[in-house]
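Residue numbers begin at 1 in each chain, while the letters A, B, ... track the order of the sequences.
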Amino acid sequence: MDRPKIRLDKKLVDYARQLAKEITDEVQQMIEQHSTVSVERTVLRLFGVDGVTDDQIPLVNVVVDKIKEWEMLQDGVAKPFVNAMVVLDKSAQQIAEAIVDGLDLRSLPRASNEKINMKMLELSRQSLETISKKSQQREDLLKELGDPPQPYKYLIVATGNIYEDVVQARAAVQQGADIIAIIRSTAQSLLDYVPYGATTEGYGGTYATQENFRIMRQALDDMARKVKRYVRQVNYASGLCMPEIAALAAMEGLDILLNDAMYGILFRDINMIRTFTDQYISRLLCAFSGITINTGEDNYLTTADAIEKAHTVTASQLVNEQFALKAGMKSRLMGLGHAFEIDPDVEDGLLYEIAHAMLARELFADYPIKYMPPTKFMTGNIFKGYAVETLYNLVSVMTGQSIQLLGILTEAIHTPYLHDRYLALINANYVFNNARHLGREVIFKKDGFIEKRANQVLREAVDLLEHTRDVGLLRAIEEGQFADISRARDGGKGLEGVFRKSESYVNPIQDELEKRLGVKK
Amino acid sequence: MDRPKIRLDKKLVDYARQLAKEITDEVQQMIEQHSTVSVERTVLRLFGVDGVTDDQIPLVNVVVDKIKEWEMLQDGVAKPFVNAMVVLDKSAQQIAEAIVDGLDLRSLPRASNEKINMKMLELSRQSLETISKKSQQREDLLKELGDPPQPYKYLIVATGNIYEDVVQARAAVQQGADIIAIIRSTAQSLLDYVPYGATTEGYGGTYATQENFRIMRQALDDMARKVKRYVRQVNYASGLCMPEIAALAAMEGLDILLNDAMYGILFRDINMIRTFTDQYISRLLCAFSGITINTGEDNYLTTADAIEKAHTVTASQLVNEQFALKAGMKSRLMGLGHAFEIDPDVEDGLLYEIAHAMLARELFADYPIKYMPPTKFMTGNIFKGYAVETLYNLVSVMTGQSIQLLGILTEAIHTPYLHDRYLALINANYVFNNARHLGREVIFKKDGFIEKRANQVLREAVDLLEHTRDVGLLRAIEEGQFADISRARDGGKGLEGVFRKSESYVNPIQDELEKRLGVKK
Amino acid sequence: MNTDLRNIRPYGDQSGDGAVQLSFTLPLQYGPLAREAAKRLCENMGFQDITIATMEDIGENFTFFVIYGKTTASVDASAIKVVAPKFKKMTREQLDEVVKREFNRRIVVVGATIGTDAHTVGLDSILNMKGFHGDYGLERYHAFKVYNMGAQVSPVEVVKKVREVDADVILVSQVVTQRNVHIKHLTELMDLLYAEGVREDLLVVVGGPRITHELALELGYDAGFGAGTTPSDVANFIVQELLRKYSR
Amino acid sequence: MNTDLRNIRPYGDQSGDGAVQLSFTLPLQYGPLAREAAKRLCENMGFQDITIATMEDIGENFTFFVIYGKTTASVDASAIKVVAPKFKKMTREQLDEVVKREFNRRIVVVGATIGTDAHTVGLDSILNMKGFHGDYGLERYHAFKVYNMGAQVSPVEVVKKVREVDADVILVSQVVTQRNVHIKHLTELMDLLYAEGVREDLLVVVGGPRITHELALELGYDAGFGAGTTPSDVANFIVQELLRKYSR
Ligand code: B12
Ligand code: B12
Ligand SMILES: Cc1ncc(COP(=O)(O)O)c(C=O)c1O
Ligand SMILES: Cc1ncc(COP(=O)(O)O)c(C=O)c1O
């Protein structure tokens, strides 16, 4: 896409990346030493364990909790679990069910290491095979139907009821949506399990479950074939179940996952070590299955001021980038986030927005960056909101953004109604088409406000990264450097689910992923 | 105001003006040979004749009709009428009333030429004195309250009832309007008289009457003092009563009049010679009293295609400019019109709009040009319409337009409701402020689409002007060169009100105006 | 979705939730009284779960509201009989053919925007060669001989023209509707057509963005066409209705 | 304008014209039936002069409408008694002064967004130093000792904190209202306060963009504050209401 260019201080850009690398190198060492209950449940899911108990508790939770109770968790669930499969000659699902019914793994004889290792390898390869196939199917469909032009029009559905969501999503696709995300029910991210089955009762969104993924995938593929345009499906791998959701998404062929290295810490008060560890495994899965991640830097601007704290977005993007690289992700999967969140009543606010959008675009030139709409300053005046969205869409098409989360005129009132989404599409379709090649007509003045502002934000980001490098990322978060929110390293939710790996810890899925992605060895 | 520049072919610009001058020179000769009933009524009005008969016929109409019936009109009404004043020693009003009551001017003795001339001069000077004073008062108030920044926010009221109009206008000013126009009732422009008094029953607008002017002026001045911002008042000097309305507007201290040299011909099927003659006198009055004229080129684009026929706008602006110069107008009073009327579903339509807006801005760099909103492609989808208006406002502030007629989201539905106008202001206030200095940040690519398109439109305008020069303006109109509408020179309404001046024709008001404006002698 | 036609309600994000957006202005000073009045007004209109999304002071003791609510009203759509001009869609070529065969002459059409209304674009787009949105106008059909009288035409002139050209059809356009001026204009024309004794011989059709077929019938017209009408719709209606008329 | 308070009607461009804009979606396929159904629905809601400004096919057998109509409903505004938290506006300095004089200690305030709701910005803007739109938050007052518990706090934790710090006031925020989850949360908290026997000693106030004073009273709270609340409003209410409470 043709778009205007601005000149960034090249040295500063390189320096910023170097800083982010150093920051994340340090955290990565800590990640290597830990695992979490969710990581272990992910292993079981990929081995094929599914379903819930009569009390709606996922079998994977029961198994991991039991193994923890038996004080065998520090070695990882894989070995004891696969041992049971080998000695009892049962499937993973059967072993899990047996555990629910009272099977105590401590009571079992131990098969030879070789046998266990072979079985683990077999199970891991099988499961990665399944995922590979799924992701190949997606690729094929994308090729068959064709990729819509960017910015992709991304819309959310959030009725709380998966069946209503389907109705709304189908209509949205017909109206022109390229990407459909189902917003999750409030506080699902704080559940330390993934709910099960098709759900019809959510608040502010619909539960992310494997079955809901499947139902929506089916609906979107149907529609995609009907409108002859590939339609991407999005959900959230944030919160206490990051790697599990990534696994389910990979199995069900989702295209994009919200996934941020720090979002859970800052915005859901989830423990830092938990989040950093979980995000790594979840990103290995995304990298392997070709799932694009979308980071959540937009959230910084909903709590802090969008002009004052613009540089925190940039700093966080660079950190997210380095974490993603460590998980073997390619830039084409890194949908780093930013947002159009400046108070619309600020004089020359639009010039700031353009500068910020250009900065993100230049820093991550070929990445599928994600541009988030005005939300904080949307009010009950749906008309004014609609005008603000018009300029948002204009900035996006002019500066060549990749993924455009469409603004909803009722943002301040309710989760979107059917026609709220329709109106969002009308706006985007109008602006994108009417200003299609504006980007190649417009030049921003050399050393003008926009160029200066972009470099200023970059410089402030470097200052923040320098400080973060000096004190360490954990400390910086404790200081409240990001989003004005301070979190303690030993605080937050889910800490009890983090454990230090023993010397003999094994995670065959992780090993296999790292090997295939060339991340290690 | 800072704004981007584009390079226009300088030679072509000069040539275009030269062509327009030649075209209007020819028409001006014809104008000199004619007068109209409305011109004559204007003289009487300025002499002080006011009021209506019991049948609501204005006295000035009765007098002129009588003089015509008596076959004395070819000399102008001034001489016989002033003769009566002299010999009967009565005021203009008394004479007019006497004529209604049966006085036959043919029966009167003739005073000496000298006496008549002196009286005519006295009456003319007196009336111009009054106008001068009024316009000085406006200047003073403007200085006292201060001029709002451009683009001025111009809003229409059109309830049909002057008292409701006042309510709506007051609210609009409070909400931020800089200019208030009262749209006229449908077909008032085809009335060969000016209605009288305060009116409460109009269709699609409110009648333009002297009393209505006064009521609104009072209301706007009140509000201006309240909000401490000068507020301009607009009405229409178009149709069969151009010069009369200009006179009334001058007497009541209006700031702006819609006034176009060709609008009546094309859009109201009024006879050409009538319109050309009337516009000249009306513009003499505007020039003298400091009333800004607004021309109606936007109308071309409501009937013809806004891209295909963009050059007709430019050609017409140049013609209007030359006619205005002939009437002694300064560029600071020439609010030449253009419009944002391209189908919003055209790809890159915004680039065309920017090019057209830049062309008008460059051609008439220091003129108070008037930018008209989207109307033709506004639909019942008020939301989409609101998005279109957002881009319209953006183009305006970016390219530095002067007078911004705000678009109304219910354009396709009804004349504006109170809150429709409020929403129009919300939109304009937001965009103007949020993109205040965008114009000084943005450069349009050299030889890019915008620059090329502007020059192309200019070239097409020159072609049209060349042809018009060759065949003459009257013929060109007959050919339908403007707005795809063809009118015959001996057709149209109001032809019966046009007459050739005799050798001894006298119009003391016109003479005095031309003298003071330095247009002649 | 399975929709119960007998109980149709607005849909926001749950079947039958009745979600409706409203906006209006009340002549009350901005404040809690205005807010409460707006809420009660909505209740009086049968709304529940009323959310005052915004209320804004728009000056001169007026307050503007944007409101969301759930209406308690519903509609039995199974009981609705739609009134719409009746015709099946034939191509231009087919219509030309039919007219040639059945009439053996051109159908004479007189078009005008009547009264004080000066809007011609709508009527022109039905009549002119060029047509509307790529659909050719009546002048392009062999089937029709078109007389387009333009705008601001008085009923008397219309009748004169009808007599002069021996018209089969009158097409009237009305765009300005403020204070129901279109009703006045349309009634005047219809009254005159009856008074002059020409009504029965003619097909009289009215169109315009705010015209509905229902309104047209009420006013004694044969059909009414609203926003977005295509010339081919009108052509089809004319030909097929005239055939029906003559076969009666 | 002279407005008759007993007969308040929406105003478009004529006094009492009743002009209202609506938009909604019907679960009907785009077409004349949908149009007629929309019209009848509006009639059932008491509208006249109904203009279907647009109807659009939004897929999956849904049709979107923008409609203008004149409502027949009206409101007797003279009969409305406004419910709103009662206080007269004093400055921060005055309040600090009053509290010093009358209480001779700081008023202890516990703030929390309860239940699954994670929105803190609204509550923070009431409590934090910085405040809201240039109006300082409660932490800036000498009069208050503030404990801000943040979001996603359970009722049990709130009660624990109240006991721990011997609070005078609870400030609860609720932003998410989908499927009325806020009602559930607020009821839970109030029930617990009664069950734990601490209700009577406390001022319990709720706020949020969709909260009204009326709703708060219904749910047994002392006051409710909606969109655009300023911290100084809340400060004034707390001080003056506590004084009233203690003087009873
Ligand atoms: C262009 C226009 C003008 C042009 C007209 C040029 C011309 N030669 O026609 C000009 C600038 C001159 C003009 C002037 C006025 N206008 Co005007 N104008 C419009 C505008 C912007 C577009 C109308 C249009 O051309 N639409 C495109 C055509 C193709 O659509 P259409 O007319 O609906 O026609 C379609 C159908 O309705 C149908 N149809 C129409 N006629 C017929 C006839 C038959 C027989 C059939 C079968 C079908 C049919 O088929 C067509 C194709 O689908 C509208 C606003 C809008 N966006 O709608 C205002 C609008 C119609 N105008 C309005 C007004 C008030 C005026 C004025 C009276 C204002 C004033 N006081 O100065 C003047 C005076 C005119 C007069 N005496 O009547 C109002 C009417 C309000 C109301 N509901 O009463 C509108 C809605 C604007 C507004 N919101 O105030 N106008
Ligand atoms: C910022 C924001 C977020 C941030 C919150 C960050 C944070 N730390 O608070 C993030 C991004 C995390 C977020 C997440 C979600 N959000 Co949110 N969010 C918003 C947003 C954009 C702005 C809210 C805001 O900060 N307003 C500014 C403050 C100052 O205004 P306020 O809250 O109204 O507060 C004022 C008054 O109400 C009052 N007040 C408020 N509380 C109190 C308390 C007391 C005691 C008093 C006296 C006064 C008072 O005083 C304040 C100052 O005047 C709104 C949309 C919008 N524009 O309103 C959506 C919105 C509130 N969110 C919504 C939803 C659904 C969610 C999610 C549930 C979506 C999801 N499933 O992921 C999540 C999950 C959060 C959860 N578990 O609750 C919906 C709620 C819909 C509804 N009516 O139910 C909204 C309306 C968006 C939408 N249209 O969908 N959100
Ligand atoms: C990275 C990321 N994850 C998740 C969410 C959604 O919130 P929750 O954590 O409640 O699922 C967001 C919302 O903005 C986000 O940016
Ligand atoms: C120059 C001019 N005069 C007058 C009018 C208003 O129309 P009418 O002739 O009906 O007063 C317009 C409307 O656009 C116009 O541009």
Side-chain angles (χ1 to χ4, degrees), chain C residues 1 3 5 8-16 18-28 31-47 49 51-52 54 60-62 65 71-77 80-84 177-180 210 212-214 226-227, chain D residues 1 3 5 8-16 18-28 31-47 49 51-54 60-62 65 71-77 80-84 177-178 180 210 212-214 226-227:
Chain C
M1 278 224 322
T3 306
L5 273 188
I8 291 293
R9 292 161 51 67
Y11 176 98
D13 68 351
Q14 312 284 331
S15 284
V20 172
Q21 174 265 326
L22 301 98
S23 75
F24 55 79
T25 291
L26 291 185
L28 287 172
L33 177 66
R35 173 182 212 97
E36 188 58 27
K39 192 169 156 243
R40 299 230 184 141
L41 184 75
C42 291
E43 282 165 2
N44 292 349
M45 293 191 270
F47 286 96
D49 279 351
T51 298
I52 308 225
T54 194
E60 298 291 295
N61 292 328
F62 286 105
F65 295 88
T71 180
T72 49
S74 71
V75 167
D76 180 355
I80 293 177
K81 274 199 48 152
V82 175
V83 291
T177 58
Q178 205 189 28
R179 293 170 183 248
N180 284 328
R210 304 268 83 86
T212 61
H213 186 57
E214 213 180 351
Chain D
M1 280 222 324
T3 305
L5 274 189
I8 291 292
R9 291 161 53 66
Y11 176 97
D13 67 351
Q14 312 284 330
S15 284
V20 172
Q21 174 265 326
L22 301 99
S23 75
F24 55 79
T25 291
L26 292 185
L28 288 172
L33 177 66
R35 173 183 212 96
E36 188 58 26
K39 192 169 157 245
R40 298 231 184 142
L41 183 76
C42 292
E43 282 166 2
N44 292 349
M45 293 192 269
F47 286 96
D49 278 351
T51 298
I52 308 224
T54 194
E60 297 293 295
N61 292 329
F62 286 106
F65 295 88
T71 180
T72 49
S74 71
V75 168
D76 180 353
I80 294 178
K81 274 198 47 149
V82 175
V83 291
T177 58
Q178 204 189 27
N180 284 327
R210 305 268 81 87
T212 60
H213 187 56
E214 211 180 354

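- Looking at S74(C), the atoms closer than 4.5 Å to chain D (heavy atoms on both sides) all sit in the backbone: N, CA, C or O.
- Top candidate by heavy-atom pairs under 4.5 Å with chain D, chosen from V75(C), T71(C), L33(C), is V75(C).
- A pairwise comparison of heavy atoms in I8(C) and L41(D) identifies O-CD1, 4.4 Å as the closest pair.
- With a 4.5 angstrom heavy-atom cutoff, A37(D) touches chain C via backbone and side-chain atoms both.
- Taken to the nearest 0.5 Å, the CD1 atom of I80(C) stands 7.5 Å off from the CG atom of L28(D).
- Taking chain C as the reference chain and counting heavy-atom pairs below 4.5 Å, the highest number among K81(D), R35(D), E43(D), Q14(D) is found for Q14(D).
- Of all the heavy atoms in A19(C) and F24(D), the pair that sits closest is O-CB, 3.7 Å.
- Within the 4.5 Å cutoff, the side chain of K39(D) has no heavy atoms near those of the T212(C) side chain.
- Using a 4.5 Å cut-off between heavy atoms, I52(D) touches chain C through its backbone atoms (N, CA, C, O) alone.
- With a 4.5 angstrom heavy-atom cutoff, D13(D) touches chain C only via side-chain atoms.
- In this structure, chain C has a heavy atom under 4.5 Å from the side chain of T51(D), while its backbone stays farther away.
- Using a 4.5 Å heavy-atom threshold, the side chains of P10(D) and T25(C) count as separate.
- There is no contact between F65(D) and chain C, counting heavy-atom distances below 4.5 Å.
- A distance of 11.5 Å separates CZ of R9(D) from CG of N44(C), quoted to the nearest 0.5 Å.
- Heavy atoms of E214(D) lying under 4.5 Å from chain C belong exclusively to its side chain.
- Interface residue R210(D): only side-chain heavy atoms are found under 4.5 Å from chain C.
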